[in-house]
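All remarks here apply to the structure that follows.
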Amino acid sequence: MDTTHVESCLPYMSKILSLFLDPTTDIKDDTYTEKLLSWVEEISRCEASLNLLCHHASVSLFINKIIDVLRNSASLSVPPISVPFALRFVATCAGDRTIFEEYSDSEALDRIFLSVPTSADLWRSGSVRCAWFQGLRSLNRHDNGARWLFSSDVFTNTAIEALSDNSIFVIKSAENL
C-alpha cells in the first residue's frame, strides 16, 4: 500500500480512534473494528506507510489514553470493545521491528500487555483474553518480539493457564501463540 493512500486516510484516524476513547460510544458489532484492523495489517506490510500511521499524533494519543485507562481499570471509562481493539492495534503496529523498538523503549508494550492479565476486571472478558493472545502472536513476528515475549513469566504462565479456559476462542488463541 503506498503512502499516498495512508496520508489520505490519516485525517480520519483521529476521529476513528477518538470513538474508542469515548465512553458514550456504543459499538456492538465488531465487524468495523475487524475491517479497521485488517486495514492496519495491510498497511503494516509497507514500512513507510506503517511509519506514517504509527507516528500520527492521534495514534500516540490513543495509546497513551489506553495506558491511562489500563492503569485505572477499576473505572474503565471506554467502550468495552476498546481494550481488545487496542491490544491488537498496538501489536499489529509493533509487529514491525522498528515500531516494536519504539514502543518497547517507551515502555508502552509493557504497560499495555503486562497490565491486562493482572486486572481481574479486564481479564474476565473473553474478548480481552483472546485479543491479548492475538496481540502477542503479532509481536512474535520477529526475534526482538519473541525475546520480549519470553522475557516475562507472565506471558508463559498465562498462556499455559489459558489452555484450560472456558472459551474455545481463548484456548485457540493461546495455542496459536
Side-chain angles (χ1 to χ4, degrees), residues 1-116 119 121-122 125 127-142 144-145 148-149:
M1 180 175 293
D2 66 25
T3 57
T4 308
H5 174 75
V6 175
E7 286 173 342
S8 68
C9 294
L10 285 177
Y12 302 104
M13 280 307 289
S14 34
K15 292 176 184 173
I16 293 168
L17 294 175
S18 68
L19 290 173
F20 287 101
L21 299 173
D22 181 358
T24 64
T25 302
D26 188 21
I27 305 171
K28 294 199 185 300
D29 182 3
D30 68 347
T31 304
Y32 299 110
T33 59
E34 290 300 324
K35 287 183 184 226
L36 182 57
L37 288 166
S38 292
W39 180 73
V40 174
E41 184 71 38
E42 187 177 329
I43 287 171
S44 73
R45 294 184 187 109
C46 173
E47 190 172 347
S49 294
L50 184 64
N51 277 319
L52 275 174
L53 174 67
C54 294
H55 293 110
H56 192 263
S58 64
V59 172
S60 298
L61 177 68
F62 175 72
I63 292 171
N64 288 328
K65 293 275 188 183
I66 288 295
I67 289 170
D68 288 343
V69 165
L70 292 174
R71 258 190 228 130
N72 304 307
S73 65
S75 60
L76 198 60
S77 58
V78 294
I81 202 163
S82 299
V83 173
F85 171 79
L87 288 164
R88 293 181 57 203
F89 178 81
V90 168
T92 299
C93 293
D96 174 82
R97 186 184 308 268
T98 304
I99 302 299
F100 172 86
E101 292 300 328
E102 291 173 18
Y103 288 178
S104 184
D105 289 346
S106 71
E107 297 183 0
L109 291 175
D110 285 348
R111 291 180 181 153
I112 292 172
F113 281 93
L114 289 173
S115 65
V116 170
S119 168
D121 290 339
L122 289 172
S125 167
S127 63
V128 168
R129 294 190 312 274
C130 192
W132 189 78
F133 285 111
Q134 290 169 337
L136 293 180
R137 184 172 182 212
S138 294
L139 294 171
N140 200 18
R141 290 184 185 155
H142 47 78
N144 290 352
W148 177 80
L149 180 63

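Basis for what follows: all heavy atoms, side chains included, without hydrogens, waters or symmetry-related copies. Sequential numbering from 1 along the given sequence is applied to the chain's residues.
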Taking it one step at a time, do Asp68 and Lys65 satisfy salt bridge (charged side-chain N to carboxylate O under 4.0 Å, His left out)? CA-CA 5 Å; Asp68 288 343; Lys65 293 275 188 183; 5.8 Å; no

When rounded to the nearest 0.5 Å, the distance separating CH2 of Trp148 from OH of Tyr103 is 13.0 Å

Of all the heavy-atom pairs spanning Asp30 and Thr33, show the shortest one and how long it is. O-OG1, 2.7 Å

So, taking the atom named SG in Cys9 and the one named CD1 in Ile43, what distance separates them when rounded to the nearest 0.5 Å? 7.0 Å

Would you call Arg88-Glu34 a salt bridge at under 4.0 Å N-O? yes

Are side-chain heavy atoms of Leu149 and Leu139 found at a separation under 4.5 Å? no

What's the separation between atom OG in Ser138 and atom CG in Leu37, rounded to the nearest 0.5 Å? 9.0 Å

Search all heavy atoms of Ala94 against all heavy atoms of Leu109 and return the closest pair with its distance. CB-CD2, 4.1 Å

Answer whether the closest heavy-atom distance between the side chains of Arg111 and Leu70 falls below 4.5 Å. no

Describe, in one word, how the ring planes of Phe20 and Phe85 are oriented to each other, choosing from parallel (under 30°), tilted (30 to 60°) and perpendicular (over 60°). parallel

Taking Ser18 for the side chain and Lys15 for the main chain, is one N or O donor matched with an acceptor at less than 3.5 Å? yes

Sub-4.5 Å side-chain heavy-atom contact between Thr98 and Glu102: yes

CZ of Phe89 to CD1 of Ile112, rounded to nearest 0.5 Å, is 10.0 Å

To the nearest 0.5 Å, how far apart are NE2 in His142 and CZ in Arg97? 6.0 Å

Which pair of non-hydrogen atoms, one from Ile99 and one from Asn51, has the smallest distance, and what is that distance? CD1-OD1, 3.3 Å

Identify the two heavy atoms, one from Leu87 and one from Val128, that lie closest to each other, and give their separation to 0.1 Å. CD1-O, 3.8 Å

Do Trp39 and Leu36 touch side chain to side chain, with heavy atoms closer than 4.5 Å? yes

Exercise: identify the closest heavy-atom pair between Ser8 and Pro11: O-CD, 3.5 Å

Of all the heavy-atom pairs spanning Arg141 and Thr92, show the shortest one and how long it is. NH1-O, 4.3 Å

If you define the side chain from C-beta out and look only at heavy atoms, does anything of Leu17 sit under 4.5 Å from Leu61? no

Rounded to the nearest 0.5 Å, what separation is found between the OG1 atom of Thr25 and the CD1 atom of Ile81? 11.0 Å

Sub-4.5 Å side-chain heavy-atom contact between Ser82 and Leu21: no

